Amino acid sequence: MPRYVNVAMGQLGPIQRSDSRAQVVGRLCDLMRQAHAVGAHLIVFPELALTTFFPRWYIEDEAELNPYYELEMPNAATMPLFNLARELGMGFYLGYAELTNEGGVDVRYNTAILVDRSGAIVGKYRKVHLPGHREHEPWRRFQHLEKRYFTPGPGFGVTQAFGGIVGMALCNDRRWAETYRVMGLQGAELVLIGYNTPVHNAPAPQHDDLSLFHNALSMQAGAYQNGCWVVGVAKAGLEEGVDSIGGSCIIAPSGEVVARCHTKDDEMAIARIDLDFCAVYKRTTFNFDLHRQPHAYGLIVERKGETLMADGSPLTGQA
Ligand code: CDV
C-alpha cells in the first residue's frame, strides 16, 4: 500500500502590526481552501504565522508584548481554522508565539503545532535554536530579540501522523545539522519547517546576497543526509519595513526541490509526497545502523562551541 501524502505550502506575505488575528486567520483559511481544492491532505504555514515578526522591536512593557502571544490553542481567534480543517479533512502545521505558565512562572516559546485531518493537535514543538540577542542593540537597522522573548524548547520529537513519521522545526533550526539528525535517528520521514528570514543579516551583511542560497542549501542537505522529505515555508516580503526572503520549497530525500513558491506573497503550492521514497536513502547510503560511527562523534554533545579560533584568540560573536 503506497504511502502518499499531498502536502501544500501555505506561504504568507507580510503581516503588519495593525493586522488583526481575524484578518490573518482569514488568509490562512483561504490558503487552506486553495490547497484542499487541489487535493492536499496537509498544509504547512510559516513560523509566527498569526502576527508580525515582533522580535524586530525592543519592547520593555509586558502589556505591549503579551498580545503577540497565544495563551491557549485553539482559541477564539484560531477556531475558524480548526473548524475549516475538520470540515475539509485537512491537517496543518502552524507556528505561533506561546505564553504559558510553568509552576507560577510565565514562560514564552516560539512554538509550532501539528494538527491532523480530524482537527486534533497531535504534535507540539518549541523552537530550540533561538537566534539573535537579548538586549537592545541600536546599531542594527532592526532588532532580532528572539533570545529575549523566548525560552529554548526541550528538543526534537517526532509524531506518527499522515501515515508516516513527522518531525517539526522552526526557522533557525533548519541551519543546524543536529536538528535533522536527531529526528532522523527517530525515523523522521517528513520534516516541517516554518520560517521568517530577513534578507539583511546585521552581524554579517556579506551574507545578504546568499540568503536564498543558504535557505535551500540547509534544507536540501538535511533532507538528503537523513533520507527524509523537508517542507520549508516562509513568511515573506516587506513587513514593517523589513524585507524577508520567500523561497518556500518541498525537498525530496534525494535533496532535489520538487515544488517551490515563486512570489513573496500569500501563495499555495503543492507536491505529492511518497513517504516510501525515504527508504531508498535510509536503507543504503544513510543506513545509520550500518554506517554511523557514534564513538567518533562524542564532541558533538560534550562540547557546545569551538573553544579557540585558529590563531588562538577566543571566539566571541553575534547572531
Ligand atoms: N526567525 C529566525 O530564526 N530567523 C533567522 C535569522 C535571524 C537569521 C534564520 O535563521 O533565518
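All values reported here derive from a predicted model rather than from experimental measurement. Numbering of ligands and ligand atoms starts at 1, following listing order. We're numbering straight along the sequence, starting at 1.
The cationic atom of Arg17 (NZ for Lys, CZ for Arg) lies less than 6.0 Å from the six-membered ring centre of Trp57 and within 45° of the ring axis. Relative to the six-membered ring of Tyr4, Arg272 meets both conditions, a distance below 6.0 Å and an angle of at most 45° to the axis.
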Between Asp265 and Thr263, is the side-chain hydrogen bond (donor to acceptor under 3.5 Å, both in side chains) condition met? List the steps. CA-CA 5 Å; Asp265 296 318; Thr263 71; 4.5 Å; no
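Every atom of ligand 1 is numbered from 1 in the order shown, and the set under 4.0 Å from a heavy atom of Glu146 is 1 (N), 2 (C), 3 (O). Using a 4.0 Å cut-off to heavy atoms of Phe53, the atoms of ligand 1 that qualify are 1 (N). Taking every heavy atom of Cys171 and a limit of under 4.0 angstrom, the matching atoms of ligand 1 come to 1 (N), 2 (C), 3 (O), 4 (N), 5 (C), 9 (C), 11 (O). In the vicinity of Arg175, heavy-atom distances shorter than 4.0 Å reach the ligand 1 atoms 9 (C), 10 (O), 11 (O).
In this structure, of Arg56, Glu47, Lys127, Lys235, the residue bringing a heavy atom nearest to atom 3 (O) of ligand 1 is Lys127. Among Thr197, Asn196, Asn215, Asn172, the residue whose heavy atom lies nearest to atom 4 (N) of ligand 1 is Asn196.
For Tyr149 (side chain) and Ile59 (main-chain N/O), a donor-acceptor pair under 3.5 Å exists by modelled atom type.
Aromatic ring centres of Phe54 and Tyr68 lie closer together than 6.0 Å. Aromatic pair Phe92/His41: centroids not less than 6.0 angstrom apart.
Distances shorter than 4.0 angstrom do not occur between any heavy atom of Gly132 and any atom of ligand 1.
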